[in-house]
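Take a look at the structure set out below.
Predicted, not measured: the structure shown is a model, and the values here were computed from it. Position 1 is the first residue of the sequence, and the numbers go up from there. Atom set for the values below is all heavy atoms of this structure, side chains included, hydrogens, waters and symmetry mates excluded.
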Amino acid sequence: MGKQRPNAKGRNITDHKITTINPATEAELAQYELMSDEQMFDALTACHRAFDDWRQRPAQERAGIIARIGEELTARKEELAQLMTDEVGKLIGDSRDEIDLCAGICAWTAKQGPDVLADETRALTDGRKDIIAYSPVGVIYGIQPWNFPAYQAVRHSIANLMAGNGVLLKHAANCTGSGLLLREIYAAAGLPENLFTVMTIDHDQSDKLIAHELVRGVTMTGNAAGGSVIAKKAGEHLKKTVLELGSNDAYLVLEDADLDLAVKTCVAGRIYNNGETCVNAKRFVVTDAVYDEFVARYVEAMSQVISGDPNKDGTGLGPMARDDLRDTLHKQVQDSVEKGARIACGGTLPEGRGYYYPATVLVDVAPGQPAYDDELFGPVASVIRAKDDEDAMRIANDSRFGLGGGIFSKDVGYATELARKHFDTGMVFINHFNLATPEMPFGGVKNSGYGREHGGFGVHEFVNAKAIAVAA
């Protein structure tokens, strides 16, 4: 089959069907029928009925099923990992690691969830002992992207299932198969029928779903523009939202940084998941004292990254997930160069099949360029010179985004104080790069969204903290 482009909104949807495409070969993988409006609302009603039973089950019982979901994910890791790689071009090793993370989320939530949801007692001065009960609220609708087909869906669904809610998933069209396989895995682990439902719908149908009275909350991961639309639509109907949006995370290389560690980590942080991660390292803010040495070594390392078949050992970079995403990235690079940036390596569209883009480094990056101001969602690094540590921190915060960031310094105490007092982001990684861990909160500030997931925070996002006042 020849190349098929998604429509203007980046969806692989034509003639009421979803078509998935392998981004490494451009071959068609599968087709899926869109739901009718009637089917969509029937699925919502069925999910709500399942919720009515699920909410009454003890937290420990819910936790037991969540633990089994983690075990089933591990048992079917190879099947799901291969499907994710086929659908979105992830390196097969990254796909396996993603499923391990998902299993870890299930294990942590199953162990800690009942305690997170346990009633709290407040002793009052008049002798009363009042109760705070965390009660589920209903069906939570999740709109999730393609870059982590398992993790994005697991991240919001497991927390809400633990809370006692029902879950609807609208996955990105190009990883529809992965979403449907997750549903199958959840069912095999013993999750009640209809409690986790995959909605094969388009954006117009999605708006209707948000408006329905049985949807009690909406969580979305994507870009800031999409998040604004979803928040507005949900706000019209007084629905709470949790939004995890994009970012252009800055990693600071301070004067006393271990450059061996910084270079190695900054390469991994930029190209991990083919550079298509909200919390990837994207801007590298380097102090003048070490700038020239860092750039020389970093450009050399990025130049050696091997692009190719995501299924083969030794491949360092797979294809981007869609051709329109690659086109957007390349235009951002070209626009940055026109405004004064310089390509130190990469930056050229390769010939041949597959949506590949080389590991690229831009230097002379300055305000007014997409490489400085915007999110470059692909394997393109922006290197920015800072006068000193204070200037580096200023540049890092000179962004409308605030998801994550990093600091390289041999003085961990100093770096920790910078992170605590000055870094205007939801997460800071010191002397390493990381995606997420089940134990720690995940989320951002500013245009990177609001709300938190992981670490018990996600379990509390869509519950009713109910005050029960008991007379003495």
Side-chain angles (χ1 to χ4, degrees), residues 5-6 10 21-24 26 84-85 87-91 94-95 98 145-149 152 172 174-175 221-226 245-251 266-284 298-299 301-310 315-337 341 343-363 365 369-384 399 401 403-404 433 435 448:
R5 295 181 62 88
I21 304 293
N22 186 323
E26 305 184 44
M84 292 194 300
T85 291
E87 286 189 323
V88 301
K90 298 169 69 75
L91 299 184
D94 288 350
S95 292
E98 180 178 338
W146 44 265
N147 54 335
F148 288 90
Q152 298 288 176
N174 56 330
C175 60
T221 298
N223 59 37
L245 308 176
S247 193
N248 57 359
D249 290 1
Y251 274 61
C266 290
V267 171
R270 179 63 290 219
I271 67 170
Y272 180 76
N273 203 52
N274 300 334
E276 297 169 309
T277 303
C278 294
V279 75
N280 267 134
K282 297 185 177 81
R283 293 182 299 144
F284 302 91
Y298 187 63
V299 170
M302 287 284 278
S303 299
Q304 294 174 2
V305 174
I306 300 172
S307 297
D309 185 344
T315 299
L317 191 63
M320 296 187 64
R322 298 195 311 257
D323 59 345
D324 65 307
L325 298 169
R326 182 178 66 166
D327 291 346
T328 296
L329 180 68
H330 189 55
K331 186 177 188 307
Q332 289 175 306
V333 169
Q334 292 177 313
D335 288 350
S336 296
V337 170
I343 297 173
C345 69
T348 303
L349 282 172
E351 297 181 356
R353 299 186 71 80
Y355 310 140
Y356 291 94
Y357 200 83
T360 299
V361 178
L362 297 177
V363 296
V365 172
Q369 302 167 4
Y372 186 100
D373 297 330
D374 302 329
E375 179 176 35
L376 272 59
F377 211 66
V380 178
S382 303
V383 184
I384 305 166
S399 171
F401 299 109
L403 185 57
F433 164 77
L435 170 67
S448 290

statement: Closest heavy-atom pair, A371 versus L362, reported as atoms and distance to 0.1 Å, is CB-CD1, 3.7 Å
- request: Please name the pair of heavy atoms, one in P145 and one in A172, separated by the smallest distance, quoted to 0.1 Å.
  value: C-CB, 3.8 Å
message: If we ignore hydrogens and angles and just use 3.5 Å, is the side chain of N248 paired with the main-chain N or O of S399 as donor and acceptor?
response: no
task: Go through the steps to decide whether V333 and Y357 satisfy the test side chain to side chain contact (heavy atoms under 4.5 Å, CB included), and finish with yes or no.
output: CA-CA 11 Å; V333 169; Y357 200 83; 3.7 Å; yes
query: What is the distance from atom CD of Q332 to atom CG of D327, rounded to the nearest 0.5 Å?
result: 11.5 Å
- request: Calculate, to the nearest 0.5 Å, the distance between atoms SG and CZ belonging to C266 and F284 respectively.
  value: 5.0 Å
message: Checking the side chain of T85 only, and the main-chain atoms of K90 only, is there a donor and an acceptor separated by less than 3.5 Å?
response: yes
query: Looking at CG of D374 and NZ of K282, how far apart are the two atoms once the value is rounded to the nearest 0.5 Å?
result: 12.0 Å
- prompt: How far apart are the closest heavy atoms of S247 and C278, and which atoms are they?
  reply: CB-O, 3.8 Å
message: Determine whether a donor-acceptor pair (N or O, by modelled atom type, separation under 3.5 Å) exists between the side chain of N273 and the backbone of N147.
response: yes
statement: Smallest heavy-atom separation, P319 atom then N274 atom, equals O-ND2, 3.1 Å
message: Under a 3.5 Å distance rule, please check whether N174 uses its side chain to pair with a backbone N or O of V88 as donor and acceptor.
response: no
query: So do the side chains of F148 and M84 get within less than 4.5 Å of each other, counting heavy atoms only?
result: no
- request: Could you tell me whether a side-chain N or O of E276 sits under 3.5 Å from a main-chain N or O of G378, the two making a donor and an acceptor?
  value: no
message: According to ring-ring contact (aromatic ring centres under 6.0 Å, His included), who are the partners of F377, at least two apart in sequence or on a separate chain?
response: W146
query: Would a 4.5 Å heavy-atom cut-off, applied to side chains only, mark R283 and I384 as touching?
result: yes
Side-chain donor or acceptor of S336 paired with backbone N/O of A341 under 3.5 Å: no
- prompt: Which heavy atom in L91 sits nearest to a heavy atom in G316, and how many Å separate them?
  reply: CD1-O, 3.7 Å
- prompt: Which heavy-atom pair separates Y356 from P310 by the least distance, and what is that distance?
  reply: OH-CD, 4.0 Å
message: Quick check against the 3.5 Å criterion: does Y272 have a side-chain atom that pairs as donor or acceptor with the backbone of T277?
response: no
- request: Just do the side chain to side chain contact (heavy atoms under 4.5 Å, CB included) check on R326 and L349 with the steps written out, would you?
  value: CA-CA 9 Å; R326 182 178 66 166; L349 282 172; 3.8 Å; yes
task: Can you measure from CD (E87) to OG (S95) and round to the nearest 0.5 angstrom?
output: 10.0 Å
- request: Please confirm whether the backbone N or O of Y355 pairs with a side-chain atom of D323, one donor and one acceptor, at under 3.5 Å?
  value: no
Under-4.0 Å salt bridge between K331 and D335: yes
task: Would you indicate whether the side-chain heavy atoms of V383 and V365 approach each other to under 4.5 Å?
output: no
query: Does N223 reach the main-chain N or O of G246 with its side chain, forming a donor-acceptor pair under 3.5 Å?
result: no
Pairwise side-chain contact, I343 with V361, heavy-atom cut-off 4.5 Å (strictly under): no
message: To the nearest 0.5 Å, what is the distance between CG on N280 and CG on L376?
response: 11.5 Å
- prompt: Counting only N and O atoms by type, is there a donor-acceptor contact under 3.5 Å from the side chain of S303 to the main-chain atoms of C345?
  reply: no
task: Take M302 and I271, measure what side chain to side chain contact (heavy atoms under 4.5 Å, CB included) needs, and give me the verdict at the end.
output: CA-CA 9 Å; M302 287 284 278; I271 67 170; 4.1 Å; yes
- request: Take F433 and D249 through the side chain to side chain contact (heavy atoms under 4.5 Å, CB included) test and state the conclusion after the steps.
  value: CA-CA 11 Å; F433 164 77; D249 290 1; over 6 Å; no
